[in-house]
Amino acid sequence: MASQAKEDVFLHILSLLDQYISLQNDMKTYLKAGYFGLAQARYSLGASKVGPAQYDMNMKAGRQVDVHMGEPLPRLTLKQSTMCPSVASRTVCLQSHDQPSEASDFDSQYEAGSSAVKPAKPAAYTGSSLAQEFAEKFGLADEAPLDNEPAESRSPINWFGMMVPHSLKSCQASFEAALEIAVKLAELQLHMLTLQQGSSANGMSDSYTASKLST
Amino acid sequence: MPEEKDKSSLLAVIGDEDTVTGFLLAGVGNVDLRRKSNFLIVNEKTTVKQIEDAFKDFTNREGIAIVMISQYVANMIRNQINRYTRPIPAVLEIPSKEHPYDPNQDSILSRVKGMFGGDVTGAGT
């Protein structure tokens, strides 16, 4: 019975490894599309118009990761921050964030474009209390409150101008898709390491090695 | 055992200009009140020490769950990555424009493949 459980863990890790490599291939595809879009955008706007010089140095993350470590296997969920929503997410079909992370559900979870998620209306931006104290202390309280600023203007794509070429929007969509995959990959990684540590504690890897040597 | 509190965390990026620009467009970029960012652009002028310092900073900083690093950059600090064993933040090696992803170089997969005693891609038996 114990050996059956160990074999199940071993097969599960093999399955996760297979999915990991498959997702890496998918990421490669999305990144390639993203790099191409970026190159096209540079061609349209000029090479110096799409780069670090345009970064907003007060940027706030529009995408964050929820970490759930308390379950048997850890879970990572990508979520849209209310601080800086991405405009491109309105046009890109994203996966629901409530799906279970079972290995058997990966193929269905992973079909990009199969479901559209309407982005939630962003909450009024109040910033952290620390940021507000900072603003008041240094006389920045007269600045227009950020909750009056439309969500679209806070999107990173607007760093490069108000009228950006379609190639840049396409690039953004590709990288957003790559980001979704990255979170899945990180979750798979955690699963593999968790299972591996559990099996090592039970001496599984030693018995596997011993069985290989005896054949 | 009480369940760990769920929390939202950032993703950090270490890679070339195109990779960082792309992921910043996707919304991962963050600069905090102390002007500390969660990304590092690696170019020909970036030293290995700067990359090591950035990796150390991102993996020790509170509030970062995933560190994405282009694999060719990871190869420059491979020893440091091999020594890193914590589950969070997860270190994810990604392909870049000119350097495709090689699973045999991935430190995390190398640790897992030790169970199988062979090539990650199955080429070796």
Side-chain angles (χ1 to χ4, degrees), chain A residues 10 13-14 17 20-21 24 27-28 31 34-35 38 50-52 55 57-71 74 76 79-81 84 86 88 130-131 134 155-157 168 171-172 174-176 178-179 182-183 185-186 189-190 192-194 196 199 204-205 208-209 212, chain B residues 1-11 13 17-33 35 37-39 41 63-68 85 87-98 100-101 103 106 108-109 111-118 120-122:
Chain A
F10 177 68
I13 292 178
L14 269 182
L17 197 55
Y20 189 92
I21 291 173
Q24 278 283 1
M27 169 170 276
K28 178 186 77 176
L31 288 182
Y35 294 138
L38 204 54
V50 185
Y55 293 176
M57 292 319 291
N58 295 316
M59 67 178 85
K60 294 293 173 232
R63 311 298 289 273
Q64 296 189 14
V65 175
D66 276 346
V67 181
H68 309 262
M69 293 296 285
E71 300 165 42
L76 300 179
K79 73 166 200 180
Q80 193 96 338
S81 167
C84 182
S86 162
L130 186 63
F134 180 88
S155 171
I157 205 164
L168 195 62
C171 166
Q172 184 180 42
S174 296
F175 272 94
E176 286 188 344
L179 191 61
V183 173
L185 282 168
Q189 212 181 77
L190 287 179
M192 285 193 283
L193 290 175
T194 304
Q196 187 207 17
S199 64
M204 182 184 130
S205 56
Y208 173 77
T209 307
K212 285 294 281 186
Chain B
M1 180 191 284
E3 210 171 272
E4 279 198 31
K5 202 172 173 185
D6 296 343
K7 49 186 178 177
S8 292
S9 303
L10 301 172
L11 296 96
V13 187
E17 182 180 311
D18 283 3
T19 302
V20 171
T21 300
F23 279 114
L24 259 51
L25 270 173
V28 304
N30 194 81
V31 178
D32 63 16
L33 291 172
R35 316 306 289 173
S37 65
N38 63 334
F39 55 89
I41 296 176
I64 291 181
I66 300 174
V67 177
M68 292 188 285
T85 55
I88 294 288
V91 175
L92 183 64
E93 296 182 29
I94 59 175
S96 60
K97 201 165 56 170
E98 289 162 14
Y101 172 77
D106 193 321
I108 304 298
L109 293 193
R111 255 189 270 159
V112 175
K113 85 175 179 181
M115 292 182 73
F116 313 120
V120 171
T121 55

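Below, chain A is the first sequence line, B the second, and so on; all start at residue 1.
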What's the verdict on side-chain hydrogen bond (donor to acceptor under 3.5 Å, both in side chains) for B:Asn30 and A:Arg63, showing C-alpha distance, side-chain angles and the deciding distance?
-> CA-CA 10 Å; B:Asn30 194 81; A:Arg63 311 298 289 273; over 6 Å; no
Greatest number of heavy atom pairs closer than 4.5 Å to chain B - which of A:Ala178, A:Pro52, A:Cys171 |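 Among A:Ala178, A:Pro52, A:Cys171, the one with the most close pairs to chain B is A:Pro52.
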Per-residue tally against chain B (heavy atom, under 4.5 Å) across A:Leu38, A:Leu76, A:Leu168, A:Val183 peaks at A:Leu38
Got a second to check how far [X]'s [atom1] is from [Y]'s [atom2], nearest 0.5 Å?
| X | Y | atom1 | atom2 | value |
| --- | --- | --- | --- | --- |
| A:Leu185 | B:Ile94 | CG | CD1 | 10.0 Å |
| B:Ile108 | A:Met192 | CD1 | CE | 8.5 Å |
| A:Gln189 | B:Arg111 | CD | CZ | 8.0 Å |
| A:Gln64 | B:Ser9 | CD | OG | 7.5 Å |

Side chain / backbone / both / neither for A:Leu31 at chain B, heavy atoms under 4.5 Å |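 Side chain of A:Leu31 only, per the 4.5 Å heavy-atom cut-off to chain B.
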Who wins among B:Ile66, B:Leu10, B:Asp106 for the most heavy-atom pairs under 4.5 Å with chain A?
-> B:Ile66
Leading residue by heavy atom contact count with chain A [cutoff under 4.5 Å; candidates B:Ile64, B:Thr85, B:Val28] |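 Result: the option with the highest number of such pairs is B:Val28.
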Where does [X] contact chain A at under 4.5 Å (heavy atoms): side chain, backbone, both or neither?
| X | value |
| --- | --- |
| B:Leu24 | both |
| B:Tyr101 | side chain |
| B:Ser37 | neither |
| B:Asn38 | neither |
| B:Leu92 | both |
| B:Val91 | backbone |

Apply side chain to side chain contact (heavy atoms under 4.5 Å, CB included) to the pair B:Val20 and A:Tyr55, showing each step before the final yes or no.
-> CA-CA 11 Å; B:Val20 171; A:Tyr55 293 176; 3.9 Å; yes
Over all heavy atoms of both residues, which pair between [X] and [Y] is shortest? Give the atoms and the distance, please.
| X | Y | result |
| --- | --- | --- |
| B:Ser8 | A:Lys79 | OG-NZ, 2.7 Å |
| B:Asp32 | A:Lys60 | CA-NZ, 4.0 Å |
| A:Ala186 | B:Ala90 | CB-CB, 4.0 Å |

Evaluate the criterion side chain to side chain contact (heavy atoms under 4.5 Å, CB included) for residue pair A:Asn58 and B:Val31; output intermediate values, then yes/no.
-> CA-CA 6 Å; A:Asn58 295 316; B:Val31 178; 5.9 Å; no
Taking the side chain from A:Gln24 and the backbone from B:Pro95, do they hold a donor-acceptor pair closer than 3.5 Å?
-> no
Sidechain-backbone polar pair: A:Gln172 side chain, B:Leu25 backbone, donor-acceptor under 3.5 Å | yes
Polar contact flag, side-chain donor to acceptor under 3.5 angstrom, B:Ser96-A:Tyr35 | no
